[in-house]
> 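Structure incoming, see below.
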Protein chains: 2
Amino acid sequence: MKKHLLFYLLLPLALAASAQEQVDQAMVQKIRKEGLENSRAMEIAFNLTDVSGPRLSNSPGLKRAQDWAMTVFKDWGLKNVQREAWGTFGRGWQIDKYYAATTLPFYHAIIASPKAWTPGTKGPIKSEVILLKADSLPELEKYKGTLAGKIVMFDQGTALENSYKPDAVRHADSTLAKMEAAVPQESRGRQRSANNMMAQYMRMRTQRANMAKWLTSQNVGLILTYARGGHGTFFTSNGASYDVGAEAVSPELEVSPEDYLHMLRLLRAGKKVEVEADIKTSFYGDDTKGYNVLAEIPGTDKKLKDEVVIIGGHFDSWHAATGATDNAAGATVMMEAMRILKAVGFKPKRTIRVALWSSEEQGLHGSKNYVLNHFGDAKTQKFTPDQKKVSAYYNLDNGTGKIRGVYLQGNSAVAPLFKAWLEPFTDLGAKTITIGNTGGTDHLSFDAVGIPGFQFIQDPMDYNTRTHHTNQDTYDRLVEDDLKQAATIVASFVYHTSERAAMLPRKELPPVAQQ
Amino acid sequence: MKKHLLFYLLLPLALAASAQEQVDQAMVQKIRKEGLENSRAMEIAFNLTDVSGPRLSNSPGLKRAQDWAMTVFKDWGLKNVQREAWGTFGRGWQIDKYYAATTLPFYHAIIASPKAWTPGTKGPIKSEVILLKADSLPELEKYKGTLAGKIVMFDQGTALENSYKPDAVRHADSTLAKMEAAVPQESRGRQRSANNMMAQYMRMRTQRANMAKWLTSQNVGLILTYARGGHGTFFTSNGASYDVGAEAVSPELEVSPEDYLHMLRLLRAGKKVEVEADIKTSFYGDDTKGYNVLAEIPGTDKKLKDEVVIIGGHFDSWHAATGATDNAAGATVMMEAMRILKAVGFKPKRTIRVALWSSEEQGLHGSKNYVLNHFGDAKTQKFTPDQKKVSAYYNLDNGTGKIRGVYLQGNSAVAPLFKAWLEPFTDLGAKTITIGNTGGTDHLSFDAVGIPGFQFIQDPMDYNTRTHHTNQDTYDRLVEDDLKQAATIVASFVYHTSERAAMLPRKELPPVAQQ
């Protein structure tokens, strides 16, 4: 620990050396001009969202978006454009019809969405809503034999409160300064607490799964579930299983909090609530493999062309909207960065590869398996020869906000490089590097096998309050100037990563199976 | 003008005299205890919103709420409880079914609401959406004969932007200080500008009405209209005519901006959009009269019992939600104030009357006609004897926000009274009086015939951003502590208005027909 601390205290000295890292100002200017003045980011985003629709793993919407991406990659002159299978995912799914409304005490159309991978209602149903006052399987038993065809909901839901904070924010300078000054912290205590929370969560999940299974055995017509959010926005959660052999589950709606709480208050007060619904969903099991889309600008330097710079972001989304900020935004930026590099006539020394991952939302499946297939196994830490040839992986997956800097992911040796490469973009608000980690998305798959994998720091905007996994993650949320800025910076990072003499320095790999 | 200015500069001296106005501290304490500790505000609000539903003028929802209010008024021991006709309103209306979704380019359920007083779709319809590129009747002619049964929308809609401001705010002390310091301004210039805007608006409205009429003549299946808002919230606008003899109009949906803009972007890009819809609405023409609900605590002082203190708020709402902040909140506070006064055993000298107006949303019809029927004609300024017997009218209609003070509505002579009556509530945030006016609701009906009519200053909360006239104006938006505070203060104001020796001083009436 002491050694670590000393190490990080020396970081400012390392940064001072950044002047030695080469920046090709002429190329930066070309990239800026192309990225900021001839951007096609919004056209890309439009096609991924408005035209393709929700891009749930293995859904027709994802397939449409993948087809479109491959077409434009080819149009732009990228090479080795392909949809590459990464392994077995499971069934695709989509909503074919959603309709639900209260009919008692008065008519009111309900804002909700079928939970992903749940079945429809086998035609229109109408029923009194039964309030299940049960927190466990034994408590449910009292309803045995009474629920067939009925619409049910549990007696739980958090009352809404006014928020006096803005939905959307940009990082304040002070926040960025704090990130820049951060030193890694001893995490064992937090880990233990996280483990406790996870254990508790898993117990709760098992209990809920058992209760859901019991409800299915009782042939309930439809389960209504509280979805957090507010004002017509609601967050979707994980759906039912997408496995081919998954057990049957009940039709289930995630209901916006206003509409759920309305029914809950009425039922708690002993009033009768009646709901009618008509839900149709489709499962797609013909091809259960998962696919990533890949494309390249091949390297041209004899010695370096087998080395690779990879950029990417996940292409899949949740189902209740068109996943504009999660993660059409990141995918758009990465696609547009490739377009910029082609448009400026860049002939890279190393090969540039773009990857549009699938099934990130179900556990980084696309990137994890791509890495497993090509670079090695994070568990055994046995790697392929290609693992040594990837200089860096850059990811974007935190919404529409512009780039404010980079998370070093603990790799302090890259600090001087990134500091130098950000320097031409300080006027666009990007200048912060933090030794800190960020998690939750596909750079982790690379980081896990010792390949330098990075995610950029982005302005948060309304990602956590309104868009991320919600029914309101639509094209409207995208900020054109931010996407342009991000694509420009990514293109420049890729350029410099490709052209510098050496590959990016790597972190020491953690000992195998430490945890 | 000079005289006026001098007059207002003297206002602080008038305020200094406030110590002479009597405040019954013992009664204030009783009222506070009942209002803050035994409140039934949320129970009242629950019944007006969750149980009764939308309370559009003359709708079954309004009738349900009126019935409930009369029942509880009687339960509380109020007298002369009645639903009083104020004249002819027109037809009632309600939504019996709302369903709409895009089916091309992919399935997506649309968040929208039938426009008030529009017909349904005569069963399920499904059609390609026709984008009408026309700003006037002649430009529409090119579509002649092509629109029968089709779903249409106009080529207009404002792109959404991120907001970096909170949806909900409370008044800052500085804002209240500015209101307190305000002097009335010369308004002729603003009036002229307002007249221009109104003329422009009326021209646009006429043009739109003509275009809508033409579309009906072409038998369009459904008109989709852009509704402002965001994130699943949308604002409803004025609907079609509620007159018994109104000409037929087309079915029309007000569509949340995200869903409207989605279709608009696709259509502008030349993509095919298909929508299916099934809308049923009902009109109610059996009783076209409009009704207010009234109830009293009769006065007990021989000399003063014919004099009246009136409190009220409008009871009707728009149709896309349950009108919690507009204006179940105000109605709840006024009802609860009556309950408090009964609960503390108050035997008023003057008669206390509560009025729950209808059809405020269509032009203050309920209160205007009540005033016309009982107190006189604002146009001719001919008044009944009863006009002289109303000491004051207090109104609440600005959402759930607590009371921060009172608009004097230009009546500076009441300043010392109100200042004194607010004094026991400064700890609850209510202390500001402003000479300024506020408009838009039912106190204006009284002000227009020379009866002192007041509306309280309230914290704005998210009234203008999220709740007022929206599909998200639900019980969830109500802040219990704020409603309790407001009811307590109103009860105390009513008490003091009733018990003081003289009626409230009146403003000089403006000359007849000056405008």
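Letters A, B, ... are given to chains in the order of the sequence lines, protein chains preceding strands, and every chain is numbered from 1.
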> Tell me, side chain or backbone of A:Ala321 under 4.5 Å from chain B's heavy atoms, or both, or neither?
neither
> Hey, what do you get for CG (B:Asn471) to CD (A:Glu258), rounding to the nearest 0.5 Å?
8.5 Å
> With a 4.5 angstrom heavy-atom cut-off, which part of A:Ile111 approaches chain B: side chain, backbone, both or neither?
side chain
> Which atom pair, heavy atoms only, marks the closest approach of B:Ala168 to A:Ser163?
CB-O, 3.4 Å
> So what's closer than 4.5 Å to chain B heavy atoms on A:Thr49: side chain, backbone, both or neither?
backbone
> What part of A:Arg466 gets within 4.5 angstrom of chain B, counting heavy atoms only: side chain, backbone, both, or neither?
side chain
> Specify which of B:Lys97, B:Arg170, B:His108 makes the most heavy-atom pairs with chain A at under 4.5 Å.
B:Lys97
> With only heavy atoms counted, which part of A:Asp278 is less than 4.5 Å from chain B, the side chain, the backbone, both or neither?
neither
> May I ask you to decide if B:Tyr98's main-chain N or O and A:Tyr99's side chain share a donor-acceptor pair within less than 3.5 Å?
no
> Tell me, side chain or backbone of A:Thr474 under 4.5 Å from chain B's heavy atoms, or both, or neither?
side chain
> Measure distances from B:Met263 to the heavy atoms of chain A and classify the residue's part below 4.5 Å as side chain, backbone, both or neither.
neither
> So which part of A:Ser52 gets closer than 4.5 Å to some heavy atom of chain B, the side chain, the backbone, both or neither?
backbone
> Under the side chain to side chain contact (heavy atoms under 4.5 Å, CB included) criterion, do B:Phe46 and A:Arg265 qualify, and how do the steps go?
CA-CA 8 Å; B:Phe46 168 69; A:Arg265 287 187 299 266; 3.9 Å; yes
> Between atom CG of A:Asp96 and atom CZ of B:Phe106, what is the distance when rounded to the nearest 0.5 Å?
13.5 Å
> Measure B:Ala109 against the heavy atoms of chain A and call it side chain, backbone, both or neither at under 4.5 Å.
side chain
> Contact between A:Asp167 and B:Tyr164 at the side-chain level, heavy atoms closer than 4.5 Å - yes or no?
no
> CD of A:Glu161 to CZ of B:Arg477: how many Å apart, nearest 0.5 Å?
12.0 Å
> Identify which part of B:Asp473 has an atom lying under 4.5 Å from any heavy atom of chain A, answering side chain, backbone, both or neither.
neither
> Side chain, backbone, both or neither: which part of A:Asp476 has an atom under 4.5 Å from a heavy atom of chain B?
both
> Counting heavy-atom pairs closer than 4.5 Å to chain A, which one of B:Leu266, B:Leu261, B:Val169, B:Thr102 comes out on top?
B:Leu266
> Which atoms of A:Lys165 are under 4.5 Å from chain B, going by heavy atoms: the side chain, the backbone, both sets, or neither?
backbone
> Is the closest side-chain heavy-atom distance between B:Gln94 and A:Tyr107 below 4.5 Å?
no
> Given that the side chain runs from C-beta out, which part of B:Val479 has a heavy atom under 4.5 Å from chain A: side chain, backbone, both or neither?
side chain
> Please classify the contact between A:Arg64 and chain B as side chain, backbone, both or neither, with a heavy-atom cut-off of under 4.5 Å.
side chain
> B:Ser113 versus chain A, heavy atoms under 4.5 Å apart: side chain, backbone, both or neither?
neither
> If I take atom CG from residue B:Leu160 and atom CG from residue A:Leu478, how far apart are they, to the nearest 0.5 angstrom?
11.5 Å
> Just verifying a value: how many Å separate B:His231 NE2 and A:His231 NE2, rounded to the nearest 0.5 Å?
11.0 Å
> Go through the atoms of B:Phe234 and report whether side chain, backbone, both or neither lie under 4.5 Å from a heavy atom of chain A.
neither
> Let me know if B:Asn47 has heavy atoms under 4.5 Å from chain A in its side chain, its backbone, both or neither.
side chain
